[in-house]
Amino acid sequence: MFNSKIMQSSRAQALMLIGPALAVYATFAIWPMIEVVFLSFQHWNGLDPHREWVGLENYRYILTNDAVFWVALRNTITWTILAVIFPPTIGLLLALGLNQQLFGRVPMRAVYYLPVIIAPIAVATIWRWMYDPFFGLFNQVLTSLGLQSLISDWLGDREIALYSMFVAYTWQYVGFSMVLFLAGLQSVDRSLVEAARIDGASRWQVFRHVTLPALRVTLAIVLVLSTISSLKAFDIVYGMTGGGPAQSTQMLALWAFMQSMQIFDFGRGSAISVILLLVTLTIVVPYLRWSQRDEGAGE
């Protein structure tokens with residue numbers, strides 16, 4: 001009787017349904033994260049069976065002696081700021097356009113979303129070829145247009161390499177924001193839009209006072225996902241520049257990888273990963289709390 005009542009409770013049924021998934025998630029996600037935190041307080045080359053406990057030494061070295069870390073942190077912050085501005089903005093504009101009754105809008109949506117499903121390392125290879133200073137597409141086009149003064153070593157110039165790489169990142173992730181905004185636009189009340197137009201509201205006024213408030217939740221999701229994706233940028237950086245030239249495009253995720261897998265200092269690599277996690281939480285959690293409070297106030 002007691003077991004039957006337990007099995008009939010909604011909480012027990014829910015636990016039975018999500019239990020296997022939680023076990024898998026804990027094994028392959030939560031436990032590795034805990035292991036990385038512990039490893040950040042140790043010195044280990046990845047081969048020795050013994051790990052030396054060093055306390056905060058890895059963090060002290062990174063924050064005081066590792067000049068590349070600060071370059072990577074600055075680049076990561078710059079990259080994140082750009083990533084939460086340009087891909088979401090372009091994606092929103094595309095979503096607004098492709099939400100209209102246009103001929104061929106479904107194929108156009110697929111075309112814009114296609115780069116999202118391409119592996120980042122493949123995107124890096126494609127754009128690295130187009131940026132090639134000798135036979136790349138961009139410099140060939142500039143030459144044919146007589147604009148030789150604009151020709152640059154796009155990935156070899158320390159001043160523009162990071163931004164050249166970000167163009168490729170934007171090309172790949174604009175479609176992701178576009179799809180989320182298209183889904184959010186389906187929740188906009190058409191009767192409110194028509195009422196605003198009947199009252200003489202311009203397109204900008206309709207967007208500002210009707211469409212944008214309805215996209216509040218979608219906008220929060222897009223910004224959070226864009227922030228997380230940009231902070232852990234790795235594949236496209238590794239494939240296009242490897243952090244060069246002269247560490248000018250180095251990122252925290254890539255530097256953590258290099259410390260662990262190339263320098264074989266897993267303790268410092270883990271410490272950088274933990275710092276990256278803290279930076280992510282510092283940015284994402286306050287924004288989520290603010291957006292939830294703002295949404296609650298709006299209701």
Side-chain angles (χ1 to χ4, degrees), residues 18-84 120-121 124 162 165 169 223-244 246-290:
I18 67 174
L22 284 177
V24 173
Y25 183 76
T27 302
F28 295 102
I30 297 179
W31 173 249
M33 291 174 60
I34 296 174
E35 181 70 11
V36 166
V37 174
F38 277 106
L39 192 55
S40 68
F41 298 104
Q42 300 171 337
H43 176 71
W44 186 47
N45 62 6
L47 299 174
D48 290 341
H50 174 69
R51 301 182 184 183
E52 179 185 358
W53 183 270
V54 296
L56 296 174
E57 175 60 25
N58 290 325
Y59 293 94
R60 186 202 63 79
Y61 178 87
I62 290 170
L63 297 175
T64 58
N65 295 346
D66 189 353
V68 178
F69 167 80
W70 293 106
V71 175
L73 178 62
R74 183 190 63 205
N75 290 338
T76 301
I77 293 175
T78 302
W79 186 280
T80 301
I81 293 173
L82 295 175
V84 297
I121 195 67
L162 182 68
M165 196 166 56
Y169 175 87
L223 292 180
V224 169
L225 293 179
S226 298
T227 301
I228 295 174
S229 175
S230 60
L231 285 171
K232 63 184 183 67
F234 172 82
D235 308 67
I236 198 166
V237 182
Y238 184 79
M240 292 187 73
T241 65
Q247 308 292 354
S248 60
T249 61
Q250 189 62 256
M251 309 287 279
L252 285 180
L254 179 59
W255 188 232
F257 168 82
M258 289 184 169
Q259 287 285 328
S260 300
M261 306 305 296
Q262 296 184 2
I263 304 178
F264 297 105
D265 194 332
F266 283 81
R268 290 176 185 171
S270 298
I272 296 173
S273 299
V274 172
I275 293 174
L276 179 58
L277 174 62
L278 294 176
V279 171
T280 305
L281 294 176
T282 301
I283 296 175
V284 172
V285 172
Y287 177 77
L288 284 176
R289 295 186 63 181
W290 172 81

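Index from 1, following the sequence.
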Check the side chains of Tyr169 and Ser229 for a donor-acceptor pair under 3.5 angstrom, ignoring hydrogens and angles.
yes
For Phe257, what residues pass the ring-ring contact (aromatic ring centres under 6.0 Å, His included) criterion, not counting sequence neighbours?
Phe234, Tyr238
Check for a donor-acceptor pair, side chain of Thr76 on one end and backbone N or O of Leu252 on the other, with a separation under 3.5 Å.
yes
Would you say the side-chain atoms of Asp66 pair up with the backbone N or O of Val68, donor to acceptor, closer than 3.5 Å?
yes
CG of Leu278 to CD1 of Ile283, rounded to nearest 0.5 Å, is 11.5 Å
List the residues meeting ring-ring contact (aromatic ring centres under 6.0 Å, His included) with Phe266, not counting sequence neighbours, and say none if there are none.
Trp44
Return yes if some donor-acceptor pair links the side-chain N/O of Ser40 with the main-chain N/O of Gly267 below 3.5 Å, else return no.
no
Main chain of Thr227, side chain of Thr80: is a donor-acceptor contact present, judged purely on distance under 3.5 Å?
no
Of the non-hydrogen atoms in Gly242 and Met258, which two are nearest, and what is the gap between them?
O-CE, 3.0 Å
Are Ile275 and Tyr59 packed together at the side-chain level, in the sense that at least one heavy-atom pair is separated by less than 4.5 angstrom?
yes
Taking every heavy atom of Ala83 against every heavy atom of Ser230, the minimum-distance pair comes out as CB-CB, 3.4 Å
Just by distance, do the side chain of Trp70 and the backbone of Leu63 share a donor-acceptor pair under 3.5 Å?
yes
Taking all atoms of both residues into account, what is the closest heavy-atom pair of Met251 and Val237, and its distance?
CG-CG2, 3.8 Å
Does any N or O in the side chain of Asn58 come within less than 3.5 Å of the main-chain N or O of Gln42, such that one atom is a donor and the other an acceptor?
yes
Trp53 and Phe41: aromatic ring centres closer than 6.0 Å?
yes
Quick check for you: to the nearest 0.5 Å, what is the distance between Arg74 atom CZ and Phe69 atom CZ?
12.5 Å
Please round to the nearest 0.5 Å and tell me the distance separating atom CD of Gln247 and atom CG of Leu254.
8.5 Å
Drop me the distance from Ser270's OG to Leu277's CG, to the nearest 0.5 angstrom.
12.0 Å
Show every salt bridge (charged side-chain N to carboxylate O under 4.0 Å, His left out) that has at least one partner inside residues 262-280, sequence neighbours left out.
Asp265-Arg268
Nearest 0.5 angstrom please: Leu56 CG to Ile62 CD1, how far?
11.0 Å
Which atom names give the shortest non-hydrogen contact between Pro286 and Leu281, and what distance separates them?
CD-O, 3.4 Å
How long is the gap from OG on Ser248 to CG on Asn75, to the nearest 0.5 Å?
7.0 Å
